[in-house]
Engineer: 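Pasting a structure here, questions to come.
Naming convention: chains lettered A, B, ... in sequence-line order (proteins, then strands); numbering from 1 in each chain.
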There are 2 protein chains.
Amino acid sequence: MSPSSQPFAHMLTRKLETVLTLSDRERAAIGALPAQSLNLKRNHDIVREGDRPGRCCVIVDGIACWFKLGGTGSRQILSFHIPGDIPDLQSLHLDVLDSSLMTVSPCQVVFIPHEPLRQLCNEFPRLNHVFWRWSLVDAAIFREWVMNLGGRPGESRIAHLLCEMFVRLQHVGLAEDDSCHIPMTQSELADATGLSAVHTNRVLQSLRAAKLITLAGSRLTVTDWAGLQEVGDFDPTYLHLGKNGTSGKPN
Amino acid sequence: MSPSSQPFAHMLTRKLETVLTLSDRERAAIGALPAQSLNLKRNHDIVREGDRPGRCCVIVDGIACWFKLGGTGSRQILSFHIPGDIPDLQSLHLDVLDSSLMTVSPCQVVFIPHEPLRQLCNEFPRLNHVFWRWSLVDAAIFREWVMNLGGRPGESRIAHLLCEMFVRLQHVGLAEDDSCHIPMTQSELADATGLSAVHTNRVLQSLRAAKLITLAGSRLTVTDWAGLQEVGDFDPTYLHLGKNGTSGKPN
DNA sequence: CGAGTACTTGACACGTTTCAACATCCGTGG
DNA sequence: CCACGGATGTTGAAACGTGTCAAGTACTCG
């Protein structure tokens, strides 16, 4: 439908081929998906709680997050999404959105209408399985966040979140040996971990003092992976990345 | 495979028919699913983190929960499951379990091997959609729990959890006008809300003192639904129960 | 250069945890 | 049937983690 589908189709096929080998027909069907590309500034809503979207969005570049607003005005971030993710795959089968999706950094997103996606799933059961699987991995991440928020002290929560982001970014080739670009503000890290911004700041300083990380600007460098993993009680199994990703270890 | 499939197939078709009208072929295929029934005492593991199960389980009677154990020995409960639920639908597409499932009360569970389930999904796209949808509703509940644990004070967390359980039980016909059977101990409520058992006890007393609930033995009576919903910041949208369930209000 | 945003620091208040003791309930075996 | 023992629920007091408020510093971008 638009030439902008090119980069997105390439990204999608590449991600699919980490799981299976696409047939020519499958590859062609994906390339033929109608798509609309959009460049968004940071702090921009993509879809909102209560919406009934008729399309899914693929994050091509940048980082986005799901969030909910509480009755008292507080914002809870539910998950982060990185390039290659389809955050709102759920909207294929759940009519109304129960949370809102916004950009955390400047983002390029691509929208694909539901109907062709559903047809793709019906025609190619293997793709249907993979999409379903992706939504299940999202659920697994939510489970781990429940664990993180309910079962760990502040320092562990932040450490765990940093571990998760690092491993996920590394898995899609967006991390160097021991560092990656993390555009979240401390206030956003706070909303994701259920801590106050002030306390998040102190926890970060404590992690720096323990020589586990450096975090300047939006560059995270993990100087002691084993230590960070230990403090964060982090085990990457829940990310379901497969054999090599299972270790989740840099280098 | 066993006569024990009868009650489970009935329960499953009934739940499916709240969403769509089954064809005779679909109904027959479900009735033909092999099934193995099991009666378990309370506090019994059904599947464990790290397992690679070859079957899914349906809760026919009783309540079960997902949980994870933290590095420091703490247990975090991730969700509760009630009769009609298929808690580990995820295992259809994720090989290794990232958390453990145990009974909270005495339970009857039925196991269905993965292969016939996958065949069912491939042969009947509508059933595939519904199963996928159920796993998405589970994910939506996890999201709300992230909100609950990260964004609300203790009293709200407990109130919210009680609201959720009441509405879900009511939706499957397991609640009276304003009361239902909730077999969780205070210690389990604590592990689900990220509070200590002692504080959970105090919060419950506070809810009782505010005349919102009575909770004796395992009988929960909601004496002020609007008030409980208010305290718990509860909006049932995330349960995706559909039109009548949307209100989630007991008569 | 200025203004807004992000980050940092200190002091104090409050929610929640922890520990310890005790009360109550309930199934089990004598 | 009762007595017992363990799990569950309840209460008090003190310690601790984290939140809140307030002020100030360091960025960044136009």
Engineer: Mind calculating the distance between CD (B:Gln186) and C1' (D:dT8) to the nearest angstrom?
Structural biologist: 8 Å

Engineer: Do the side-chain N or O atoms of B:Asn201 get closer than 4.0 angstrom to the phosphate oxygens (OP1, OP2) of D:dT10?
Structural biologist: yes

Engineer: Looking only at heavy atoms, which two atoms of B:Phe234 and B:Cys163 are closest? And how far apart?
Structural biologist: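 Of all heavy-atom pairs spanning B:Phe234 and B:Cys163, the closest is CG-CB, 3.4 Å.
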
Engineer: Which donor-acceptor pairs under 3.5 Å do the side chains of residues 192-200 of chain A make with protein atoms, sequence neighbours left out?
Structural biologist:
| residue | atom | partner | partner atom | Å |
| --- | --- | --- | --- | --- |
| A:Thr193 | OG1 | A:Leu189 | O | 2.8 |
| A:Thr193 | OG1 | A:Ala190 | O | 3.3 |
| A:Ser196 | OG | A:His199 | N | 3.1 |
| A:Thr200 | OG1 | A:Ser196 | O | 2.9 |

Engineer: Which heavy atom in B:Cys57 sits nearest to a heavy atom in B:Leu101, and how many Å separate them?
Structural biologist: SG-CD2, 4.0 Å

Engineer: In this structure, how many angstroms lie between the C1' atom of D:dT8 and the CG atom of B:Asp191, rounded?
Structural biologist: 14 Å

Engineer: Would you check if B:Leu239 and B:His171 make a side-chain contact, meaning some heavy-atom pair closer than 4.5 Å?
Structural biologist: no

Engineer: Is there a residue in residues 205-215 of chain B whose heavy atoms reach under 4.0 Å of DNA chain C, and which residues are they?
Structural biologist: none

Engineer: Identify, residue by residue, the members of residues 61-72 of chain A with a heavy atom below 4.0 Å from DNA chain C, and return them in order of residue number, or none.
Structural biologist: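 Under 4.0 Å from DNA chain C: no residue of residues 61-72 of chain A.
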
Engineer: What is the minimum heavy-atom distance between A:Tyr238 and A:Ala140, and which atoms define it?
Structural biologist: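 That closest heavy-atom pairing would be O-CB, 3.4 Å.
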
Engineer: Quick one: closest heavy-atom pair of A:Gly150 and B:Gln76, and the distance?
Structural biologist: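 Heavy atoms of A:Gly150 and B:Gln76 come nearest at C-OE1, 3.1 Å.
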
Engineer: Look at the side chain of A:Ser156 and the backbone N and O of A:Val231, then say whether any donor-acceptor pair between them is shorter than 3.5 Å.
Structural biologist: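 Answer holds: yes.
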
Engineer: If I take atom CG from residue B:Asp178 and atom CG from residue B:Leu220, how far apart are they, to the nearest 0.5 angstrom?
Structural biologist: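 Here the interatomic distance stands at 9.0 Å.
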
Engineer: Hey, are B:Lys15 and B:Asp85 close enough for a salt bridge, meaning a charged N less than 4.0 Å from a carboxylate O?
Structural biologist: yes

Engineer: About how many Å separate CZ of B:Phe142 and CZ of A:Arg143, when rounded to the nearest 0.5 Å?
Structural biologist: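 Output value for this atom pair is 4.5 Å.
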
Engineer: For A:Asp191, check salt bridge (Lys or Arg N to Asp or Glu O under 4.0 Å) against everything at least two apart and list the hits.
Structural biologist: A:Arg75

Engineer: If you define the side chain from C-beta out and look only at heavy atoms, does anything of B:Ile141 sit under 4.5 Å from B:Phe80?
Structural biologist: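 Not in contact.
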
Engineer: Taking CD in A:Glu49 as the centre, count heavy atoms belonging to other residues, nucleotides or ligands within less than 6.0 Å. Is the count above 12?
Structural biologist: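 Atom CD in A:Glu49 is packed in, count exceeds 12.
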
Engineer: Return the value, rounded to whole Å, for the distance between atom CG of A:Leu195 and atom P of D:dT20.
Structural biologist: 11 Å

Engineer: Nearest 0.5 Å, what's the SG-CG distance between B:Cys107 and B:Asp61?
Structural biologist: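 Rounded to the nearest 0.5 Å, the SG-CG separation comes to 7.0 Å.
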
Engineer: First contact, last contact: which nucleotides of DNA chain C are these for chain A, 5' to 3', heavy-atom distance under 4.0 Å?
Structural biologist: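 Going 5' to 3' along DNA chain C, contacts run C:dA6 to C:dA11.
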
Engineer: Please determine, by modelled atom types, if A:His44 and A:Thr103 share a side-chain donor-acceptor pair under 3.5 angstrom.
Structural biologist: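 Result is no, nothing qualifies.
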
Engineer: Might you point out which heavy atoms bring A:Ser135 and A:Leu89 nearest each other, and give the distance in Å?
Structural biologist: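 Nearest heavy atoms, A:Ser135 then A:Leu89: N-CD2, 4.4 Å.
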
Engineer: Contacts to DNA chain C from residues 142-165 of chain A, heavy-atom cutoff under 4.0 Å, which residues?
Structural biologist: none

Engineer: Let me confirm one number: the CD1-CD distance from B:Ile82 to B:Glu164, rounded to the nearest 0.5 Å.
Structural biologist: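 Answer rounded to 0.5 Å: 9.0 Å.
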
Engineer: Whole Å only: how far is the CZ atom of A:Arg219 from the P atom of D:dC27?
Structural biologist: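 Computing the A:Arg219:CZ to D:dC27:P distance gives 18 Å.
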
Engineer: What residue pairs, at least two apart or across chains, pass salt bridge (charged side-chain N to carboxylate O under 4.0 Å, His left out) with a residue in residues 148-162 of chain B?
Structural biologist: B:Glu144-B:Arg152, B:Arg152-B:Asp233

Engineer: Who passes side chain to side chain contact (heavy atoms under 4.5 Å, CB included) against A:Pro83, sequence neighbours left out?
Structural biologist: A:Met11, A:Leu174

Engineer: To the nearest angstrom, how far is B:Met184 atom CE from D:dG9 atom C1'?
Structural biologist: 16 Å

Engineer: Give me the bend of the helix from C:dC1-D:dG30 to C:dG30-D:dC1, using the axes of the five pairs at each end, rounded to 10°.
Structural biologist: 50°

Engineer: Does atom CZ of A:Arg219 have more than 12 heavy-atom neighbours from other groups under 6.0 Å away?
Structural biologist: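 Correct, the count exceeds 12.
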
Engineer: Could you pull out the protein-nucleic contacts involving nucleotides 28-30 of chain D (nitrogen or oxygen on both sides, under 3.5 Å)?
Structural biologist:
none

Engineer: Just checking B:Ser196: base, sugar-phosphate only, or nothing, at a heavy-atom cut-off of under 4.0 Å?
Structural biologist: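 Here B:Ser196 touches the bases of the nucleic acid.
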
Engineer: Could you run down the sub-3.5 Å N/O contacts of the protein with nucleotides 13-15 of chain D?
Structural biologist:
none

Engineer: Please enumerate all residues that pass side chain to side chain contact (heavy atoms under 4.5 Å, CB included) together with A:Gln205, with sequence neighbours excluded.
Structural biologist: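 Only A:Asn201, A:Arg208 meet the side chain to side chain contact (heavy atoms under 4.5 Å, CB included) criterion with A:Gln205.
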
